[in-house]
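Please read these numbers as outputs of a predicted model, since none were measured by experiment. Naming: A, B, ... by sequence-line order, numbering from 1 per chain.
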Number of protein chains: 2
Amino acid sequence: MEAPLSGVSAPARLAADGEGVGHDELALAARNHGLPLEALRYDVTPPGLHYVLVHYDIPPTDGDDWRLTVGGLVRDRLDLDLPALRAFPTETLRVTMECAGNGRARLAPRPVSQPWLVEAVGTAEWTGVPLRVLLEEAGVEAGAVDVVFTGADHGVERGVEQDYQRALPLAVATGEDPPVLVAHAMNGMPLPPQHGHPLRLVVPGWYGMAHVKWLRDISVRDRPFDGFQQNVAYRYRQDADEAGEPVDRIRPRALLLPPGFPDFMSRTRVVDAGPVTLTGRAWSGAGPVVRVEVSADDGRTWADAEVAPPGDHRWAWQAWHAVWEARPGDHVLTVRAHDADGHAQPVDQPWNRGGFGNNLVQRVPVHCR
Amino acid sequence: MEAPLSGVSAPARLAADGEGVGHDELALAARNHGLPLEALRYDVTPPGLHYVLVHYDIPPTDGDDWRLTVGGLVRDRLDLDLPALRAFPTETLRVTMECAGNGRARLAPRPVSQPWLVEAVGTAEWTGVPLRVLLEEAGVEAGAVDVVFTGADHGVERGVEQDYQRALPLAVATGEDPPVLVAHAMNGMPLPPQHGHPLRLVVPGWYGMAHVKWLRDISVRDRPFDGFQQNVAYRYRQDADEAGEPVDRIRPRALLLPPGFPDFMSRTRVVDAGPVTLTGRAWSGAGPVVRVEVSADDGRTWADAEVAPPGDHRWAWQAWHAVWEARPGDHVLTVRAHDADGHAQPVDQPWNRGGFGNNLVQRVPVHCR
C-alpha cells in the first residue's frame, strides 16, 4: 500500500552528475547552521554558534507544563514535571556533538538532504540528570533490550509520519562512563528552543541523531527498536535495498581554524609570509585523539601537530597546534586526526548512500603574500 | 592596476542558466543562518534563531580592552572604554532586522553570494547609547555630511582588502525618532560574538548592512563616504557598470508561520481539513504595515488578514492572522504586506544585479488531508 503522504514526501535520492544544490537543500541550509570555523577558537561554543539540525519544526514548548514519562518494561512508571526532574542529582559534562550528516555535500554523487560541508559541530557544557538514575528509579525489568526516546517534533519523512524517535541499547543507556544525560541546561542556561528546550538527551561520543531533543517519553523495550530513524534513516549503506550498518559513534575528525583573513565569497584565506601558528580542534567518539597531522601541500606530505590531552573533558574536542612556515604562493592546508582506537580520517573520498560519517579531511585554500 | 588580491577574490557574477548553488555559496549558507520560520511565533527572537550574516570572520573580541573612538570633524575626539560608554544614558528598542540580500536565491539569474530564500530576519530588544548623544558629546563641527562606522572584521571582497565600513547621513545618525543606537546588549544580555560583541550599531528601519558590528570607530566626514560597502556593494543596479541607487530602508514583507507539520526534505506542509488559523509577521522600514493579504491559491485571489497595530514597537514586526478554510488537496499559501508609505510586495519577480531588497512574496506549499 502506498503511504498516505507519499505525494508530499518523496523517497531519498542522489543528485545527478553536475546537479547543483537545489532550493529544497538550500531551505535546510538556511534554517539549520554549522559552526563558523573561526568559532573553533572557543573551548566551549557560545550560544548561537553551535551547529543546529532540526528534522521537522522546533516545537512550541512551554516549560511550565512539560512532562517526561518513563515507561515500558519498568516496575514503576514515572511521570515527572520539570521541578521533579530537576530534584534528581545532576552531572555536567563538556561534550562535542557532531551531525552524522557532516560532510555530506562533499560526496559524489551527493545524497540530497541537509548539505553540510565540514562545519556541523559544536561543544557545550550540558547539565542534566544521568539517564541511569531515572531508569534505576523506574526499575528496569528483566528482558529489557533497548530504550526508546521520543521527542515532541512531528513531521513526515520519506512518506512516514512520525514523532522523532531513536533508541539506545540498554548498556549504553545505563552507562556510567560516560553517563547519558537528560539535560535541562546548556552552558549554564536553560536549553534554547533549537537545542531541545526544555529537555534533551545527550549521548557523549555519539553523532547528533542520538541526542533526542524536546524529550517527552522514555520507553524500555524487550526487543530491538525498528523505528524509521533507527532502521530506515541513519544507516551506512551502498545500495538503497540493503539493511546496512547503524550510524552510532562519531568518527575522528580534525578541523583547522582558518588562518589569516578570508575572501568573502570563496572563503580562501590570505596570510603574510613567515611563521603562521595553525590551531584547531580534533575529536572522536571511539577514543581520545592521539595524533593530528598537518599538510600544507594538499596531503602530499604531513607533519605532526602538538595535541593537548583530553584532560578532564574526555568527551570534548582536543586543541592542537602546529607552526607552518608560509612562503609566498597558493597552498592548500589540510589536517587529519587519529584516535586511540586506531581510526584515522580518510584523504580519499569514501561514500555511502545516506551521506553519513563522511570525515574526509578538510581542505583550506590559502594565499600567502 | 590590478588589485593585489584579485587572484583570490573574484568579481561579482551571476549564475548561469540552470546552475545550481555551488560550494562557495553553500559554505556561506552553512556558516550564516536565517530564522527557522516556526520561530515567527516569538515576539522577540530567542538567541541563536535571529538571522546572522557575517562578511568576513567573527573577530576575536575581548571586551575588557575594547575601545570605541569618535573622531573626524568633531570638536573633542572621544576614546571610550566599555565602562565609559555604558555610563552614558541608554535606550532599549525592539527592532526587526533583515538582510538586504534576503530573497536573493529566488532571483533568476541568481547573483552568486549568500543564497537566502526568505528567512534572513529576526527581532531583538537592543539596548545602547543613542548615537546622537555621543555625537553631541564630541561636538560635530560645521560642514559635516556623513558619519562613517568601522568594524573590526577584516577581509577581502572583489579584490578590495578592507575593514567593514558603512556610513549614514548626518541627519539619520543624529535622529531622535528613531534613534540610532550604539548597542551593547541584545535581549538583556551582552551581545553574542556573531551579533557584534561588544558593540554594534542599530539603525531602526534599515537593512542589516547598516548595523555595523564589532564597532570600533565612528568618524564624522565633510564629504559623502565612497567606501566599498557604500558605493560598490549594496547598490540597486541592473548593469555592472552603472552607479545604481543605494540600498537603505527595508522594503515591506510579510511572512507566514508555516501551518501544520512539515515534510523533512521539501518543507511542504500537511494540515487537516477545516479552519486553519494562519499567523505571521509583517514589517517595513518606510512606515507601519497597514494591510496584509493572504492567498490560498498562489496569488490568484486574496483576502485581508487582521493586522496588529505597531503599538509601542514601531520598528518591530507586526503580528497578523487570518482564518483559512482548508479543503483536501494541494494548495500554495502566500501573503503580501502593504505599508503606510504606499509600498506593497511584488507578486512577480523583480530583479537587480546584487540581489538586494527582493521582497517577492513567500510561497508555502500545503497538502490538506
Side-chain angles (χ1 to χ4, degrees), chain A residues 4-5 7-10 19-34 36-39 41 46-50 52 54-58 60 105 112-113 115-117 119-120 154-158 161 192-195 258 261-268 270 330 367 369, chain B residues 4-5 7-10 19-34 36-39 41 46-50 52 54-58 60 105 112-113 115-117 119-120 154-158 161 192-195 258 261-268 270 330 367 369:
Chain A
L5 290 174
V8 293
S9 187
E19 178 188 337
V21 164
H23 273 207
D24 51 355
E25 292 163 283
L26 195 53
L28 289 175
R31 36 181 289 117
N32 297 308
H33 69 87
L37 293 178
E38 64 272 28
R41 75 169 74 101
L49 296 177
H50 193 291
V52 173
V54 174
H55 273 249
Y56 312 121
D57 284 356
I58 299 167
V112 173
S113 184
W116 298 120
L117 294 165
E119 61 291 281
H154 186 86
V156 53
E157 202 163 341
R158 304 189 215 163
E161 187 178 345
Q194 71 275 28
H195 288 291
F261 60 84
D263 172 55
F264 169 71
M265 195 59 226
S266 67
R267 307 308 296 173
T268 297
V270 179
D330 294 315
H367 174 74
R369 60 181 177 184
Chain B
L5 291 175
V8 294
S9 186
E19 178 188 338
V21 164
H23 273 207
D24 50 356
E25 291 163 283
L26 195 53
L28 289 175
R31 34 180 292 118
N32 298 307
H33 68 88
L37 294 177
E38 64 272 28
R41 74 169 72 102
L49 295 177
H50 192 291
V52 173
V54 173
H55 272 248
Y56 311 122
D57 283 356
I58 299 167
V112 173
S113 184
W116 297 120
L117 294 165
E119 60 292 281
H154 185 85
V156 53
E157 201 163 343
R158 305 190 214 165
E161 188 178 344
Q194 70 274 28
H195 288 291
F261 61 84
D263 172 54
F264 169 70
M265 194 59 226
S266 68
R267 307 309 293 173
T268 297
V270 178
D330 293 315
H367 173 75
R369 60 180 177 184

Quick one: of A/Thr268, A/Leu49, A/Asp330, A/Asn32, who has the most non-hydrogen atom pairs under 4.5 Å with chain B?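 Ranked by contacts with chain B, first place is A/Leu49.
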Pick whichever of A/Pro193, A/Ser266, A/Pro47 has the most heavy-atom pairs under 4.5 Å with chain B.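 Option with the greatest count: A/Pro193.
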Electrostatic pair A/Asp57:B/Arg41 at N-O distance under 4.0 angstrom: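 So A/Asp57 does not pair with B/Arg41 through a salt bridge.
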Heavy-atom proximity to chain A below 4.5 Å, by part of [X]:
| X | result |
| --- | --- |
| B/Val112 | both |
| B/Pro46 | side chain |
| B/Ser113 | both |
| B/Glu25 | both |
| B/Val8 | both |

Indicate yes or no for a side-chain donor-acceptor contact from A/His23 to the backbone of B/Ala105 under 3.5 Å, with no hydrogens or angles considered.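 Pair found, side chain donor or acceptor close to backbone of B/Ala105.
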Verify, without hydrogens or angle tests, whether B/Arg158 (side chain) and A/Phe264 (backbone) share a donor-acceptor contact under 3.5 angstrom.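 Answer holds: no.
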Which residue out of B/His50, B/Glu119, B/Gln194, B/His367 racks up the most heavy-atom pairs below 4.5 Å with chain A?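 Counting heavy-atom pairs under 4.5 Å, the top option is B/Gln194.
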Between B/Ala120, B/Pro258, B/Pro60, B/Ala39, which residue shows the highest count of heavy-atom pairs closer than 4.5 Å to chain A?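 Winner by heavy-atom pair count: B/Pro60.
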What is the minimum heavy-atom distance between [X] and [Y], and which atoms define it?
| X | Y | result |
| --- | --- | --- |
| B/Glu161 | A/Arg369 | OE1-NH1, 2.8 Å |
| B/Leu37 | A/Arg31 | N-NH1, 4.0 Å |
| B/Pro36 | A/Ile58 | CG-CD1, 4.1 Å |

Nearest 0.5 Å, what's the OH-CD distance between B/Tyr56 and A/Glu38?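 B/Tyr56 atom OH to A/Glu38 atom CD measures 13.5 Å (nearest 0.5 Å).
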Counting only heavy atoms closer than 4.5 Å, note whether A/Leu117 contacts chain B via side chain, backbone, both or neither.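 Contact with chain B: side chain only.
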Pick one of side chain, backbone, both or neither for A/Glu19, based on which atoms fall under 4.5 Å of a heavy atom in chain B.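 Contact with chain B is absent: no heavy atom of A/Glu19 under 4.5 Å.
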Tell me, do A/Val156 and B/Pro262 make a side-chain contact under 4.5 Å, heavy atoms counted?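 The answer is no, as the side chains (C-beta and beyond) never meet within the 4.5 Å cut-off.
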Decide yes or no for B/Val270 and A/Leu5: does some side-chain heavy atom of the first lie under 4.5 Å from some side-chain heavy atom of the second?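 When only atoms from C-beta onward are counted, A/Leu5 and B/Val270 do touch, with a gap below 4.5 Å.
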Using the ring of each side chain (for Trp, its six-membered ring), is A/His33 parallel, tilted or perpendicular to B/His33, with breaks at 30° and 60°?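 Parallel: the ring planes of A/His33 and B/His33 meet at under 30°.
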